[in-house]
Structure formats: C-alpha cells, structure tokens
Amino acid sequence: MLDYKYENTDYYTWINTVVNHAVKRYHTEVDLIAEESSYAYTFKQNKINVMGSTPPRDKLYILLHEVGHVSRMLDNSGDSTFFMDKAGEASMKEKTMTLMEEVLAWHRGEAIARRLSIPIEPRPWQRLMNKSIDKYVKWINE
C-alpha cells in the first residue's frame, strides 16, 4: 500500500508547478511521459526526461532532483562543487565528483520545492534519495 499523504491531483498540480518553473527560469524542456527507464537531464538538448509510468509522488521528487541539476549547472557552474562528467573517463575522481553532484542536486531540489511552496514528505523523499544515491555508490565500487 502506498503511503501517500496527498491526493494524486495534488502531486500533479505540483509537478506542473515545477515544470513551469523549469521552462520559465531555465528554458528547459520537460518530458513527463518518456518511455526510457532512466530519469535524466540531457545537457546537449536542455531536456529532462521522467518515465511516464512513474508514480506521481516519485515523479515529482525525481523532477525536483533533475531541476536541481539544471539549477546547479546554470547558477553554480563556476562553483568548485559543480561537476558534470563530459569526458566520460569514469576515473575515481570523476566518479566521486559525480556522486557529490547527485547528492547536491537532491538538496537543491528540496530547496526548489520550498521556494515553490511544495511540501516534501521527509521519509518518502529520503527513501527515494537513498535509493538513487545507492546506485551511484555501487557504480563507484565497480
């Protein structure tokens, strides 16, 4: 049983708020019905993809995370904490920096939610963030 605190319509309203924010502030295209099994921001296309079958709360949280990447790229690209692996070398240093960027994008997504007055359910947010970051930790250890 899903532990949703809000109605699906609430999550979809907040998803639209985040999409409008991404389009207006960052000129980013958002595809909420993507068929790919990944969730990603594509730098070259300035596009966020979120798989269409994702449950609404997860879709909202993933979208906030991806907008967090966009926000960091445009607002913090000169910051020493910003990292986007463009070389594809996957060295230990680049893997570590990628992991740091993932964590910081989750935190930025949470800040964006606060700014847009979107409530975050702490436990579900933490579970999704942990699940996502765990994939990167395993990738680093490969």
Side-chain angles (χ1 to χ4, degrees), residues 1-6 8 10-142:
M1 181 173 165
L2 295 175
D3 59 345
Y4 279 44
K5 183 175 180 179
Y6 303 100
N8 281 350
D10 294 326
Y11 295 107
Y12 287 117
T13 297
W14 296 322
I15 287 168
N16 285 330
T17 299
V18 177
V19 168
N20 290 335
H21 174 74
V23 169
K24 184 177 178 182
R25 174 148 178 143
Y26 302 113
H27 309 287
T28 300
E29 182 183 348
V30 179
D31 180 0
L32 297 174
I33 56 172
E35 294 182 16
E36 302 91 42
S37 62
S38 67
Y39 311 101
Y41 169 68
T42 307
F43 174 71
K44 290 181 182 178
Q45 297 173 339
N46 198 25
K47 183 177 182 180
I48 294 171
N49 289 317
V50 180
M51 193 165 66
S53 62
T54 305
R57 182 179 58 203
D58 287 358
K59 186 175 280 196
L60 171 64
Y61 292 174
I62 291 164
L63 179 60
L64 283 163
H65 166 73
E66 295 302 333
V67 174
H69 280 300
V70 176
S71 171
R72 286 186 42 73
M73 182 178 353
L74 297 177
D75 298 338
N76 299 89
S77 61
D79 187 327
S80 64
T81 65
F82 178 77
F83 179 75
M84 177 176 270
D85 180 12
K86 295 179 187 170
E89 295 174 12
S91 67
M92 184 53 74
K93 179 182 178 184
E94 288 183 353
K95 286 182 173 185
T96 303
M97 293 297 291
T98 299
L99 176 64
M100 288 173 48
E101 175 57 31
E102 287 301 313
V103 171
L104 291 170
W106 278 102
H107 287 288
R108 179 63 58 91
E110 196 169 10
I112 290 167
R114 279 192 303 273
R115 195 168 42 242
L116 298 175
S117 300
I118 296 172
I120 296 291
E121 298 162 70
R123 292 192 69 178
W125 175 269
Q126 189 70 45
R127 279 194 309 261
L128 189 60
M129 182 175 68
N130 289 350
K131 183 179 174 184
S132 171
I133 292 171
D134 186 55
K135 291 177 186 177
Y136 286 93
V137 171
K138 289 176 181 170
W139 172 66
I140 286 174
N141 288 316
E142 289 176 350

Can you find a pair of side-chain heavy atoms, one from P55 and one from Y11, that are under 4.5 Å apart?
no

Which heavy atom of S71 sits nearest to which heavy atom of I112, and what is that distance?
CB-CD1, 4.1 Å

Please name the pair of heavy atoms, one in I15 and one in P56, separated by the smallest distance, quoted to 0.1 Å.
CD1-O, 3.6 Å

What's the verdict on side-chain contact (heavy atoms from CB on, under 4.5 Å) for Y61 and R57, showing C-alpha distance, side-chain angles and the deciding distance?
CA-CA 6 Å; Y61 292 174; R57 182 179 58 203; 3.6 Å; yes

Do M51 and K59 come within less than 4.5 Å of each other through their side chains, counting heavy atoms only?
no

CZ/R72 to CG/L74 distance, rounded to the nearest 0.5 angstrom?
11.5 Å

Indicate yes or no: at least one non-hydrogen side-chain atom of E121 is less than 4.5 angstrom from one of Y6.
yes

I140 and M92, any side-chain heavy atoms less than 4.5 Å apart:
yes

List the residues meeting ring-ring contact (aromatic ring centres under 6.0 Å, His included) with Y26, not counting sequence neighbours, and say none if there are none.
H21

Distance check, rounded to the nearest 0.5 Å: K47 atom NZ versus E66 atom CD?
13.0 Å

List the steps and the verdict of side-chain contact (heavy atoms from CB on, under 4.5 Å) for L63 and L32.
CA-CA 9 Å; L63 179 60; L32 297 174; 4.3 Å; yes

Mind running side-chain contact (heavy atoms from CB on, under 4.5 Å) on N46 and E29 for me, showing each step along the way?
CA-CA 6 Å; N46 198 25; E29 182 183 348; over 6 Å; no

I'd like to check the side chain to side chain donor-acceptor pair (under 3.5 Å) partners of D134; sequence neighbours left out, ordered by chain and number.
K138

Among residues at least two apart in sequence or on other chains, which ones pass salt bridge (charged side-chain N to carboxylate O under 4.0 Å, His left out) with D10?
none

Parallel, tilted or perpendicular: which one describes the rings of W106 and H65, with boundaries at 30° and 60°?
parallel

Worked check of side-chain contact (heavy atoms from CB on, under 4.5 Å) between T28 and V67
CA-CA 9 Å; T28 300; V67 174; over 6 Å; no

Which heavy-atom pair separates V50 from T54 by the least distance, and what is that distance?
CG1-OG1, 4.3 Å

Within the structure provided, determine whether M97 and E94 are in side-chain contact (heavy-atom separation under 4.5 Å).
no

Value rounded to 0.5 Å, distance of NZ in K131 from NZ in K135:
5.5 Å

Looking at every heavy atom in both G109 and W125, which two are closest together, and how far apart are they?
C-CH2, 4.1 Å

V30 and V18, any side-chain heavy atoms less than 4.5 Å apart
no

Heavy atoms of other groups near R115 CZ, more than 12 under 6.0 Å:
yes

Smallest heavy-atom separation, M129 atom then Q126 atom, equals CE-NE2, 3.2 Å

